[in-house]
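Since this is a predicted model, take the numbers as computed values, not measurements.
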Amino acid sequence: VQLVESGGGSVQAGGSLKLSCGGSEFPQGYSTLCMAWFRQAPEKRYEGVASIDSFGSTKYVDSVKGRFTISRDNDKNTLYLEMNSLKAEDTATYYCAADLRAQGYCFGLTTRDFGAWGQGTQVTVSS
């Protein structure tokens with residue numbers, strides 16, 4: 001499984017960015033996977049930002065609810081994270097991740113739930 005993020009960059013507070021994560025080599029099919037976005041700010045732990053299961057159900061961490069939207073295009077094996085009303089505290093490296101158990105549902109939004117990771121893309125929000 002290969003995951004590659006793109007779309008990061010620098011933006012002023014209140015701005016928007018849209019991250020993408022393209023994937024390949026999914027033995028059980030991309031559409032069967034729970035997918036998620038995580039982030040890691042400097043000197044902080046990984047934080048689960050949002051997840052989406054194979055049925056399109058989504059979950060978000062409270063700090064991004066109403067501002068971020070996770071979506072997926074199974075035909076393109078691509079995961080998205082649309083980020084609006086960005087804040088300085090959203091500054092982090094963002095990673096996409098796949099739950100290789102391929103059960104369709106998302107079991108959780110912790111790093112232990114995901115077995116495949118991208119290399120990350122940096123998002124910097126200036127205030």
Side-chain angles (χ1 to χ4, degrees):
V1 175
Q2 294 186 350
L3 299 171
V4 180
E5 303 95 336
S6 61
S10 297
V11 65
Q12 290 190 334
S16 300
L17 284 173
K18 186 173 183 178
L19 306 183
S20 299
C21 173
S24 62
E25 302 180 25
F26 298 101
Q28 294 171 295
Y30 179 81
S31 63
T32 66
L33 304 180
C34 167
M35 299 294 296
W37 288 97
F38 285 77
R39 65 186 179 186
Q40 186 180 32
E43 301 183 356
K44 292 191 176 180
R45 294 183 176 182
Y46 281 91
E47 176 184 43
V49 175
S51 65
I52 183 167
D53 66 19
S54 61
F55 310 100
S57 295
T58 59
K59 291 185 178 180
Y60 298 90
V61 66
D62 286 346
S63 60
V64 307
K65 285 180 180 178
R67 300 189 298 121
F68 290 12
T69 302
I70 187 172
S71 61
R72 66 193 296 166
D73 185 334
N74 290 335
D75 291 335
K76 296 181 179 179
N77 288 0
T78 302
L79 180 72
Y80 302 99
L81 184 68
E82 185 168 2
M83 306 184 294
N84 297 313
S85 302
L86 282 161
K87 304 176 181 179
E89 50 263 45
D90 294 319
T91 295
T93 301
Y94 283 72
Y95 300 88
C96 68
D99 180 349
L100 300 181
R101 289 172 289 187
Q103 296 297 303
Y105 294 97
C106 292
F107 290 89
L109 193 53
T110 71
T111 55
R112 295 174 298 177
D113 293 306
F114 296 86
W117 295 78
Q119 84 291 346
T121 186
Q122 178 66 37
V123 172
T124 301
V125 184
S126 57
S127 57

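The structure places CG of Asp113 at 7.5 Å from SG of Cys34, a figure rounded to the nearest 0.5 Å. Separation of atoms CZ (Phe114) and SG (Cys106) is listed at 5.5 Å; rounding is to 0.5 Å. Atom-to-atom distance recorded for Asn84:CG and Lys18:NZ is 10.0 Å, nearest 0.5 angstrom. Annotation: the span from Ser31 atom OG to Asp73 atom CG amounts to 11.5 Å, rounded to 0.5 Å. From Thr32, atom OG1 reaches atom CD of Gln103 across 8.5 Å, with rounding to the nearest 0.5 Å. In this structure, the separation between CZ on Arg45 and CZ on Arg39 is 16.0 Å, given to the nearest 0.5 Å.
Under a hydrophobic clustering in which Ile, Leu, Val, Met, Phe, Trp and Tyr are joined whenever their side-chain heavy atoms come within less than 4.5 Å, directly or via other members, Tyr95 and Met35 fall into different clusters. Under the 4.5 Å side-chain heavy-atom criterion for grouping Ile, Leu, Val, Met, Phe, Trp and Tyr, Tyr94 is connected to Leu17 within one hydrophobic cluster. Under a hydrophobic-cluster definition in which Ile, Leu, Val, Met, Phe, Trp and Tyr are linked whenever side-chain heavy atoms come within less than 4.5 Å, directly or via other members, Leu109 and Leu79 are assigned to different clusters. Under the 4.5 Å side-chain heavy-atom criterion for Ile, Leu, Val, Met, Phe, Trp and Tyr, Leu33 and Leu19 are members of the same hydrophobic cluster. Under the 4.5 Å side-chain heavy-atom criterion for grouping Ile, Leu, Val, Met, Phe, Trp and Tyr, Phe26 is not connected to Trp117 through any hydrophobic cluster.
Here the side chain of Glu5 pairs a donor or acceptor atom with the backbone of Gln119 at under 3.5 angstrom. Thr110 places no side-chain N or O within 3.5 Å of a backbone atom of Gly108 that could act as its donor or acceptor partner. A donor-acceptor pair is defined here as one N or O able to donate and one able to accept, closer than 3.5 Å; such a pair exists between the side chain of Arg72 and the backbone of Asp53. Counting only distance, with no hydrogens or angles, the side chain of Thr91 and the backbone of Val125 share a donor-acceptor pair below 3.5 Å. Side-chain atoms of Trp37 come within 3.5 Å of backbone atoms of Tyr80 as a donor-acceptor pair (strictly under, hydrogens ignored). For the pair Ser54 (side chain) and Gly104 (backbone), a donor-acceptor distance under 3.5 Å is present. Checking side-chain atoms of Glu89 against main-chain N and O of Lys87 turns up no donor-acceptor pair under 3.5 Å.
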Problem set entry | Gln28 vs Leu100, side-chain contact (heavy atoms from CB on, under 4.5 Å): CA-CA, chis, key distance, verdict | CA-CA 8 Å; Gln28 294 171 295; Leu100 300 181; 5.6 Å; no

Exercise. Passes side-chain contact (heavy atoms from CB on, under 4.5 Å), Met83 versus Val11? Steps please.
Worked result: CA-CA 11 Å; Met83 306 184 294; Val11 65; over 6 Å; no

For this session: Check the pair Glu47, Val64 against side-chain contact (heavy atoms from CB on, under 4.5 Å), reporting the backbone distance first and the verdict last.
Result: CA-CA 11 Å; Glu47 176 184 43; Val64 307; over 6 Å; no

Exercise. What's the verdict on side-chain contact (heavy atoms from CB on, under 4.5 Å) for Val1 and Glu25, showing C-alpha distance, side-chain angles and the deciding distance?
Worked result: CA-CA 5 Å; Val1 175; Glu25 302 180 25; 5.5 Å; no

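Heavy atoms from other residues, nucleotides or ligands lying under 6.0 Å from OH of Tyr105 number 12 at most.
Side-chain atoms of Asp75 and Tyr30, non-hydrogen and from C-beta on, never get closer than 4.5 Å to each other. Side-chain atoms of Asp90 and Arg67, non-hydrogen and from C-beta on, do get closer than 4.5 Å to each other.
Closest of all the heavy-atom pairs between Phe38 and Thr111 is CE2-N, 3.8 Å. For the pair Leu3 and Cys96, the tightest heavy-atom approach, listed with the atom from each and the gap, is CB-SG, 3.7 Å. Residues Ala50 and Leu81 share a closest heavy-atom pair of CB-CD1, 4.5 Å.
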